[in-house]
Structure formats: C-alpha cells, structure tokens
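What you are looking at is a predicted structure, and each value in this text was computed from that prediction instead of being measured. Letters go in sequence order (proteins before strands), and every chain restarts at 1.
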Amino acid sequence: MAQAFTKAMARNIFYGGTGFFFLVLLALTFQTHQEWPELDNRQAINDVVTLGKQVWEDNNCVGCHSLLGEGAYFAPELGNVYLRFGESTDAIKGFIASRPVEGIPGRRSMPQFNLSEEELTAIAEFLKYVAGINTAGWPPNIKG
Amino acid sequence: MNPMEKNKWPPGDLVIWIFIMAELLVFGIFFAAYAFTRANHVELFNTYQATLDRNAALLNTLALITSSYFVVRAVAAIKSDDSKRCFQWLLAALFMGAVFLVIKSMEYQHHFSQGINLSTNTFYMFYLSLTFFHFLHVVLGMVILVAVALKARAGGYCAQEHTGVETGASYWHMVDLVWIVLFPLVYVMK
Amino acid sequence: MKYESQKVAKLYFIAAIGLFVGQILFGLIMGMQYVVGDFLFPEIPFNVARMVHTNLLIVWLLFGFMGASYYLVPEEAETELFAPWLAYLMFWIFLAAGAATVLAYLLVPYATLAEVTMNHLLPTMGREFLEQPTITKIGIVIVVLAFLFNIGMTILKGRKTVVSLVLLMGLTGLAVFFLFAFYNPTNLVMDKYYWWWVVHLWVEGVWELILGAILAFILIKTTGVDREVIEKWLYIIIAMTLITGIVGMGHHYYWIGTPEFWQWWGSIFSALEPIPFFMMTVYAFNMVNRRRRNHPNKVAVLWALGTAVMAFLGAGVWGFLHTLAPVNYYTHGTQITAAHGHMAFYGAYVMIVLGMISYSMPLMRGRELCNSVRSQSLEMWSFWLMTISMVFITLFLTAAGILQVYLQRFSDNPMDFMVVQDKIALFYWLREITGLIFLIGLIVYIASFFIGQDEPEATVEPLK
C-alpha cells in the first residue's frame, strides 16, 4: 500500500538523516578538539585561573555580563575587558572592589561581592586568560 | 498535493523529492559560498587547487557516471519484471560506488599525511568540507541501494510496484549530479 | 477524557500556569531595571531577577510538556497511565524542588548558595540557564527519568503511535542532553562548546520533536484529518529539524574559540533551520483547511495555528536574520539576540503548551468537547493580547538592537556599552509597557478558566 510505505520512508529519512548528521557532528567535533590547543589559550590555565572561573561562576557574573558574547546583556562584555582596561589586572580588581554596596542611584548597579584579595586576583587572571582566547577577531572593537 | 494519489511523475515517492530538493539546496549554497570566496581569493585557490590529484578525480567521475548508468539499467530491469537482473545491476552500481570511495579515501590519506586539515587554509576548508560532505552522501546512497538491492533479490518489487527502486535510483542520481558539479568547480576551473 | 489517569495532567498544567505568572512578573522587574538601573537594588539585583525569570520559564515549560504527555500518551496508547501515583509524587517533588530553588535564588546570595549546596564537589552552577545548584540538577534528572519511565511503560503496554513515539524520542533527547549540564571544565572554550549541547540541542533540536508531536495530536483531534497523513508529515518535519539543527549548532561556534570552519558549516546549516518551521506552518494550515469536522474548541485550533506561525517568525525568520556569520559578527550578544529569543520561545514552546491546555483542560474539567462561548472568547482575547504584545516586544528589542549594533559595533567611533544603553532607553520603555500588556493578556487567560465556566459548551455547525 503506497500510503503506509510513504510514512515508512519518511521515518527512514528521519532516522537516517539524524544518524548521518550526528556522525558529521562527531567528525567536526573531533576536528575541533584537534585544533583547540592553538586556539583556546589553555597554556594560560593555572590554579589561579581555575579559581577565577570558580569565582566567576559562584557570583553568577554571567547573569549581568556577557563573556565572548554569551550571557546577559545588562552590563558590558567582559571577554576583552582586560584589553579595554589597558591590560591591567589591577584595574579590574579595583573596579570590582570599589562597587558601592547600595549601588549608584538611578544607574544600573553592580553588587559589592566582598571578594577576598585572592579571589580578586583570581577573577582578574581569569579575565586575562579569556582575553587571550582566539575568537576569530571578535568583538569588532574594544567596546565589546 | 494529495498524497492519496499515486504519482507517475516525479518517479519514486514525492517525499524523496522534497529531500532531494533540500539536499541540492545545501550543496547549492555550499557551491555558491565556494564560488564567492574563490572570487575573493583567486590566487590562493589556484595555488592549492594545483595540489589536487585531478586524475583521481577524473577516475571518480567516471566511476560515478558508470554507476548511475548501472542504476538506470536496474530500473529498466525491474520495469521488465526481472528482479534478478535488477539486483545484479544494483550490485554493479554498488561496486562502482565502492571504487569511488576507495579512490577518494586514498586522496584523503595523502592530504592528511601531509598534515592538511579543515583549518589549513580557506581553499582546503572548502575542498575538504565539500568532498567530505559528498563522500558521506555516497555512503548514504550506497546504503539505500543495498536496501533496495536486497529487497529486489527477495522479490519485493515487480513491474507494477517498484517505487522503492525508482526512489533509490533518484537519490543516487542526485549524488552523481552533485559530483558532476563539484568536480569541475573544485578541481578544474581556474 | 477517555482515561481516568489523564487527569494527572491537570495538576501539571495548573503549576505550569502559576510558574508562568511568576516568570512574567520577574520579566517585568528586569525590564524596569533596564531603564531604572537600581530598581530593587540591592535586594534583587538584575542577575537574580534574570535567573528567576529564565529558570521559571524552563521549569514551567517542563511542567507543560509533562502535563501534555500525561494527557496525550494514555489516549494515544489506548491504556491507562502506567503509574499515576508516581506522576503525582514527581509532581510534588518537582514543584517543591523548583520552588525551593527559586526562593533560594531570591533569599540567599548566590555565592552562599553555591557553598551551602556544596557546589565545589561537582561544580555546575553559575552558567546561563544552568544556575541551579548541582543537587537540584540531580533532582531534575531523577524526576525526568521517573517521568520517562512512566510514559515509556505506558506506551510499551499499549498502542504505539508515531505521535507518542516522536514525543518519547524528544523527551528522551531532552533527558540525555541535559546530562551535558554536568560537564563543566575549566577550559572556557570547552565549557561553552558543550554547554550548547544542552541548550541548542534542546531548543533547536529535541524540543522541536516534542512541539511537533503535541501539535500533531491537537490537529488529529480537532481536524479529524487521517492520522496517516499527519504522522507522515510529522516525520518529515522532525527529519528536517534534526538534519538542519544538528550541524546548525555551529552557528554558536563562530566567536568562542572554536575553529573558523564552523563559520561556514554553521552558517549554511543554520540558514536552513527555518525550513521545518515553515513546513509546520504550511502543515498546520493545510490540515485545518482539509478538516473533516468543525471542532467546537475553536480557541485550541487558534493556539495550534498561532504556534506554527509565531514559531516560524520568531525562531525561523528572526533566527535567520542573525544566523549568518558575517551578520552575527556584529550582532552577537546584543538586543537582537534577546529579540529573537523571546519570540522564538513564545512561539515555539509557550504557545504549544497553552494550546495543549486549551484543548485538554475543558475535557479534564468535565466538558464534552470545549468551553463555553464566553470562556473561549476571553481566551481568544488573551491569545491576541499576548501574541501581539510579544510581536511588539520583539520589534522594539530589534530596533534597540539595530541601534546598539550601529553605535557600539559598526561605527568608526564606537561608543561605550553603557552610553549606548542610555541612548536606546526609549525602546526599553516601550518594551516594558508592552510587557505590561502581555501580563494583562496572561491575567485574561487565567480569567478565562473561571469566567463562563458555568455556561453551556459552545457548539458548531457540522461540516458540509
């Protein structure tokens, strides 16, 4: 019966197509893994950077900021903030540490996270590491 | 569109033609992207195009064209109610498909042994992507032909009802058609 | 309602709508904070409002998918649900865990929450949409597995239809891909790469299977078109979804430290991702045009058609607008993204859940086929209020985004992020006002469950 056959064909195309493209994805993922060492700045990852990522996550920085364009769009992109702040980890640390507890009246305000000196250093180093990732020339300019 | 009616044209199931159109669309976009990029990097493309093995590609073209011819014979056979011949022609087509895969694999082997990959340069990115994507379609086409061949051998088709053979044949011809565009575009044209 | 156990769905749907209200309230808070920057600061900083808004969205949609499954699977399988008690138990556990998590977001500083829930043992917190403590995530896995088990056993013991199998595949995919949420390497690029294996493969992958299956169910029930036809087209649609969407995931891999070939592969395949949505629109309208009956639940049909159109516009068209790498280079991480995200989620997932509720709730409340004319009328008002306001929210955010891109990314003298945000404030105000109208639509929606509930069912002329 032509009708049932047709639905079966569609089903086969679904399974075949899905399987096919999943294999393509795996192949491209494999290739991606091969190329990462030259792109992802992993050489810069050390214990301090690792702590820095943890600080980033524990304080949900991505809830206001974007990182490499991903996250929230309330506050500036931080993937290149290290460059924007004149390649100064001190500048980053100073900014975070100086956020007023009550915020800035009428302006979008960043919380005071009460980070320790160790955590401040860590998050700054983390952002420095991120700035060294090869993002194919993104963002278009220093503003993020 | 009334799927209750059996279509005489296009041959095979309407559904497969939707997919063939989608396939051609993807390849078409890829080809267009290639052409557009090439126009902006003529020298780069010419330089690296020269590193390709045109003879291997020519053999591959012949393999696929021959294979399509065998598939045409297979369809003709089943139209004359000859399941056995249909099966045999499909085997021959599959053999030529395998020849294509072997030659192409040898070409890849040569490239990879020289450390060439998707990120070597834009030409190789396109060359590898286009031919790899096509390669996978050849594999898929062969899987479909195997399914059809087995069913033919088991007597699953006859002169009155052989939609599956025509459907599989159509897909194979599409795969051949893509290569016939790819070969001159990537290997030959300067 | 043919099977007693289908009424489990009612509880899930009530929770879904309740959480939806919460989501919108927090959305309005965020919208306010965009223009009055320190609104509710420091008690509810923006990031907290945001995680409440997004997490509530995901959880209420999950409640909606589960309710939809508990309703349609017994009917499709022609047998009672395998274990209704398990469905009730999981409902309360999921609701309690969800509520507890959201309350924790609001009452406890996030870093403290991370410490208290021992995030350091297996750190999965602090990423967008995946803010839940690891223990909550584990809880979600357990709830979803129990749900899959229940639904799977029901299908196993009954009639296996394409609709229920596609639904099950989608839900299984949902469960499997959620496991990537537990992978959180220090290498940020790898973190981001696999994060999308949850988010993209969910909303541009397996969730579309869930959408397709529920839509097919509603169309079968309301149009009377032959199941064979509907199911064949369902397969074609989901085939196109995964064929385009799997490699289409590459459109998230342009600028995050992955190789540049993704700019080509991602652009080409994601450009084709609108195709299944286009097919879904044609399919839905076609089935309704070819219907063999006039179903008196007109508003359910409206939701079904509406979801196809809005999904196509929001996910398909708006997605296409910023999917090509050369365009995305400028629009990545801007209000364009937010514009697309809102309309896509609303069209593809919010509307199908509301459509399913629209179809099934009257039956679970004792009606033969549908609600009264007054109730349906009110519900139709809510459809238009919410849908039109969502269109305008999207348009305003798109305008904001275009201006933002021009001033901050494209210009020869680019301006600072914050300066640009000030300049596009007008659009944020307009968005917020429109958001209030959306809320009104939602309130009307809830009212439609009560107003007219004692009036007789609507009837229709039989089809000639």
Toward chain A, the part of [X] with a non-hydrogen atom under 4.5 Å:
| X | value |
| --- | --- |
| C:Arg50 | side chain |
| C:Glu231 | both |
| C:Phe129 | neither |
| C:Leu407 | neither |
| C:Tyr253 | neither |
| C:Ala114 | side chain |
| C:Val162 | side chain |
| C:Met240 | neither |
| C:Pro133 | neither |
| C:Glu115 | neither |
| C:Gln335 | side chain |
| C:Met125 | backbone |
| C:Thr334 | backbone |
| C:Met169 | side chain |

Identify which part of [X] has an atom lying under 4.5 Å from any heavy atom of chain C, answering side chain, backbone, both or neither.
| X | result |
| --- | --- |
| A:Tyr15 | side chain |
| A:Leu28 | both |
| A:Asn60 | both |
| A:Phe113 | neither |
| A:His33 | side chain |
| A:Ile142 | neither |
| A:Val55 | neither |

By number, which residues in residues 37-48 of chain C have some heavy atom less than 4.5 Å away from chain A? C:Gly37, C:Asp38, C:Phe41, C:Pro42, C:Pro45, C:Phe46, C:Asn47

Who pairs with C:Thr172 by side chain to side chain contact (heavy atoms under 4.5 Å, CB included), at least two apart in sequence or on another chain? C:Leu148, C:Leu168, C:Val176

Please find the pair of heavy atoms, one from [X] and one from [Y], that lie closest to each other, and give the distance.
| X | Y | result |
| --- | --- | --- |
| C:Tyr428 | A:Arg108 | CE1-NH2, 3.6 Å |
| A:Lys53 | C:Pro185 | NZ-O, 2.8 Å |
| A:Ala136 | C:Tyr254 | CB-O, 3.9 Å |
| A:Thr18 | C:Ile246 | O-CD1, 3.8 Å |
| A:Tyr129 | C:Val189 | OH-N, 4.3 Å |

Salt-bridge contact C:Asp422-A:Arg107 (side-chain N to carboxylate O under 4.0 Å): yes

Nearest-0.5 Å distance that lies between atom CD in A:Glu77 and atom CZ in C:Arg409: 7.5 Å

Once rounded to the nearest 0.5 Å, what's the spacing between atom CD of A:Glu70 and atom CG of C:Leu188? 8.5 Å

Is it true that a side-chain atom of A:Trp138 and a backbone atom of C:Tyr329 form a donor plus acceptor pair closer than 3.5 Å? yes

Do the side chain of C:Lys192 and the main chain of A:Leu67 share a donor and acceptor less than 3.5 angstrom apart? yes

Do C:Asn119 and A:Asp58 have side-chain heavy atoms sitting under 4.5 Å apart? yes

Check whether any side-chain heavy atom of A:Phe14 lies under 4.5 Å from a side-chain heavy atom of C:Ile236, and answer yes or no. no

May I have the step-by-step check of side-chain contact (heavy atoms from CB on, under 4.5 Å) for A:Glu57 and C:Asp191, ending in yes or no? CA-CA 12 Å; A:Glu57 289 168 2; C:Asp191 170 350; 4.0 Å; yes

